[in-house]
Visitor: 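Submitted below is the structure of interest, expressed as structure tokens.
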Amino acid sequence: MKTPPHKTRVCLLFGGKSGEHEVSLQSAKSIYEALDKDKYDVLLVGIDKSGKWLLGDASKYLLNATNPKLIALNKTNASVVTPVSSDGNTSLMRLEDKGQVGSIDVFFPITHGTYGEDGSLQGFLELFDVAYVGAGVLGSAVGMDKDVMKRLLRDAGIPVARYMALKKFEMSVKRLHDIAHDFGFPVFVKPANLGSSVGISKAHDENELQQAIKTAFQYDTKILIEEYVPGREIELSVLGDDGPIVSVPGEVLPQHEFYSYEAKYIDEKGAVLQIPAQLPQEIVFRLQNTAKQAFLALECSGMARVDFFVKEGGEIILNEINTLPGFTKISMYPKLWEVSGIAYSELLDRLIQLAQDRKRQKDILKRDFTI
Ligand SMILES: Nc1ncnc2c1ncn2[C@@H]1O[C@H](COP(=O)(O)OP(=O)(O)O)[C@@H](O)[C@H]1O
Ligand SMILES: [Mg+2]
């Protein structure tokens, strides 16, 4: 009898401790549904808000799965698991009875935000010597810290908005006046390490600036004061490793004063996505080249969404990179690929392949290298 070909065992990791827990559940649902079950055995591990890893059953791992406002992890009867590895094999172990669940070829973290996208989870997975999708520890960490990210981008000659980074101890009334004088109004204030526009304000006068600084310091010990950039918000998707490819650009048209948390997640009509963005070809080329350069300068791998401002005269300013962008079927990252000719399921295949290739590259490091 012929033995069936070995399916790749993928462990989808989602949820997590960040404010983007629910978005992650939606991304995971889309990914699980689209993964080709003839190619992959999929383990579903939801990380709850306290950080527990719960192995779920495909038929009931989510509650209110179709309602973005009420979607939640189903914790009933889910086993708590932890990864374990021995002799080069990584598997999951149930804590209740120490039983092991299969062996895992690739982890697919789709955990947006703090702990999931900032290198913490990536570092944890590194310890198990296993392939995982997306950026590694360094790329994830620098992609999350808007200050370090901009310094590396500037070093690569990529234009970013003028900004200053501030720690709490550096604040004073005099400092506040100086910032107001230096940056003028409006001005943006943001926590250094966060996403989803949480803690971000657009201040229009010195009173609002003071309040904005207070707000941002509730979320991080380091904040950014950033010049206001008037321009269109254009995003591109990057896929690959050393020779990444870049999608067509898409445009976000926020219906609020800026692309705030409300515009992103609360108000259903908060933003309109225009794919592809209507831009002169010359600007598209410049955006694509810069997105690729940024991906490499920031040590990314697998995927990233690169977000720009395009000013009226055509000047481009790189706003930020997201190493684990939203991944529902209607999210910008996969949508841009779909319009660029890579369908959602194929995109997943490519990301999994890239993760396995990267692991293989690392495994052969110790062998002889000939130029
Ligand atoms: N310097 C700026 N000038 C104009 N708008 C900005 C600026 N910085 C941020 N914004 C607005 O705030 C939104 C969120 O800021 P961003 O830096 O992308 O943070 P996040 O990582 O939370 O998405 C942007 O999409 C944009 O609408
Ligand atoms: Mg953003």
Side-chain angles (χ1 to χ4, degrees), residues 18-20 23-24 112-118 135 140-151 153-154 158-166 179 182-204 208-209 212-213 215-216 218-220 222-238 249-267 270-274 277 291 294 298 304-312 315-327 331-333 336:
S18 87
E20 286 156 281
V23 185
S24 168
H112 314 301
T114 323
Y115 303 115
E117 187 176 347
D118 62 7
S140 302
V142 299
M144 191 58 127
D145 186 309
K146 291 181 163 67
D147 171 35
V148 176
M149 172 184 72
K150 284 180 209 275
R151 284 194 255 157
L153 290 171
R154 265 192 324 224
I158 294 170
V160 295
R162 191 167 73 85
Y163 79 99
M164 70 184 288
L166 267 183
I179 292 169
D182 189 13
F183 283 86
F185 294 103
V187 63
F188 269 83
V189 182
K190 27 181 124 163
N193 288 274
L194 223 75
S196 295
S197 301
V198 174
I200 297 189
S201 315
K202 182 177 180 181
H204 302 81
E208 284 186 16
L209 174 64
I213 291 173
T215 303
Q218 283 172 6
Y219 295 96
D220 202 345
K222 181 169 67 169
I223 65 167
L224 268 67
I225 314 282
E226 195 174 292
E227 72 170 345
Y228 168 62
V229 182
R232 293 165 66 185
E233 295 198 46
I234 306 289
E235 309 187 342
L236 294 95
S237 297
V238 185
E251 178 162 11
V252 179
L253 297 149
Q255 305 297 302
H256 292 226
E257 196 184 351
F258 68 95
Y259 200 19
S260 61
Y261 184 85
E262 285 70 26
K264 284 179 183 174
Y265 304 116
I266 310 283
D267 179 2
V272 175
L273 304 187
Q274 165 84 43
L298 298 175
R305 200 192 70 224
V306 188
D307 301 349
F308 292 89
F309 297 116
V310 177
K311 289 191 175 179
E312 208 158 66
E315 187 190 344
I316 66 173
I317 305 275
L318 201 155
N319 179 36
E320 63 156 344
I321 197 159
N322 289 283
T323 54
L324 274 179
F327 219 112
S331 299
M332 186 65 109
Y333 184 83
L336 287 174

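Computed from a prediction, not measured in an experiment: that's the story for all the values here. Atoms within each ligand, like the ligands themselves, are counted from 1 in listed order.
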Visitor: What residue and atom, counting heavy atoms only, is the protein's closest point to atom 25 (O) of ligand 1, and at what distance?
Guide: Glu233 OE1, 2.7 Å

Visitor: Judged by non-hydrogen atoms, does Tyr163 sit under 4.0 Å from ligand 1?
Guide: no

Visitor: Could you tell me whether Asp182 and Arg162 have a side-chain N and a carboxylate O separated by less than 4.0 Å?
Guide: yes

Visitor: Can an N, O or S atom be found in Glu320 less than 2.8 Å away from the Mg ion (ligand 2)?
Guide: yes

Visitor: Got the closest protein heavy atom to atom 21 (O) of ligand 1, with its distance?
Guide: Lys146 NZ, 2.6 Å

Visitor: In the protein, what heavy atom is nearest to atom 13 (C) of ligand 1, and what distance, to one decimal place, separates them?
Guide: Tyr259 O, 3.6 Å

Visitor: Measure the distance from atom 8 (N) of ligand 1 to every protein heavy atom, then report the residue, atom name and distance (to 0.1 Å) of the closest one.
Guide: Lys190 NZ, 2.9 Å

Visitor: Which atom pair, heavy atoms only, marks the closest approach of Asn319 to Met149?
Guide: O-CE, 3.7 Å

Visitor: Going by the atom numbers of ligand 1, which of them fall below 4.0 Å from some non-hydrogen atom of Tyr228?
Guide: 3 (N), 4 (C)

Visitor: Which option, Phe258, Tyr261, Phe188, owns the non-hydrogen atom nearest atom 5 (N) of ligand 1?
Guide: Phe188

Visitor: Which label fits Phe258 and Phe188: parallel for a plane angle under 30°, tilted from 30 to 60°, or perpendicular past 60°?
Guide: perpendicular

Visitor: What is the nearest protein non-hydrogen atom to atom 19 (O) of ligand 1, stated with its residue, atom name and distance?
Guide: Ile200 CD1, 3.2 Å

Visitor: List the closest protein heavy-atom neighbour of atom 14 (C) of ligand 1: residue, atom name, distance to the nearest 0.1 Å.
Guide: Ser197 OG, 3.3 Å

Visitor: Taking 4.0 angstrom as the limit, do Lys190 and Glu320 come out as a salt bridge?
Guide: no

Visitor: Would you mind telling me if ligand 1 is within reach of the side chain of Lys264, the backbone, both or neither, using heavy atoms under 4.0 Å?
Guide: side chain

Visitor: Which residue in the set Ile200, Leu224, Leu209 passes side-chain contact (heavy atoms from CB on, under 4.5 Å) when paired with Val189?
Guide: Leu209

Visitor: What are the two closest heavy atoms between Ile316 and Phe308, and how far apart are they?
Guide: CD1-CE2, 4.2 Å

Visitor: For atom CD of Glu312, is the number of surrounding heavy atoms from other residues, nucleotides or ligands below 6.0 Å larger than 12?
Guide: no

Visitor: Need the ligand 1 atom indices (1-based, order shown) with element for anything under 4.0 Å from a heavy-atom of Glu226.
Guide: 1 (N), 2 (C), 7 (C), 8 (N)

Visitor: Of the non-hydrogen atoms in Ser197 and Lys264, which two are nearest, and what is the gap between them?
Guide: OG-NZ, 2.9 Å

Visitor: Can you list the atoms of ligand 1 that are under 4.0 Å from a heavy atom of Leu194?
Guide: 21 (O)

Visitor: Provide, to 0.1 Å, the distance between atom 3 (N) of ligand 1 and the closest protein heavy atom, together with that atom's residue and name.
Guide: Val229 N, 2.8 Å

Visitor: So, Tyr115 side chain and Ser18 main chain: donor-acceptor pair closer than 3.5 Å or not?
Guide: no

Visitor: What are the atoms of ligand 1, with element, lying closer than 4.0 Å to any heavy atom of Glu320?
Guide: 16 (P), 18 (O), 19 (O), 20 (P), 21 (O), 23 (O)

Visitor: If we only count heavy atoms from C-beta on, is the His204 to Glu257 side-chain gap below 4.5 Å?
Guide: yes

Visitor: Ignoring hydrogens and geometry beyond distance, is a side-chain donor-acceptor pair present between Asp220 and Asn193 at under 3.5 Å?
Guide: yes

Visitor: For ligand 1, indicate whether the residue Asn319 contacts it via side chain, backbone, both or neither (heavy-atom separation under 4.0 Å).
Guide: side chain

Visitor: If you measure from each non-hydrogen atom of Ser196 to ligand 1, which part falls under 4.0 Å: side chain, backbone, both or neither?
Guide: backbone

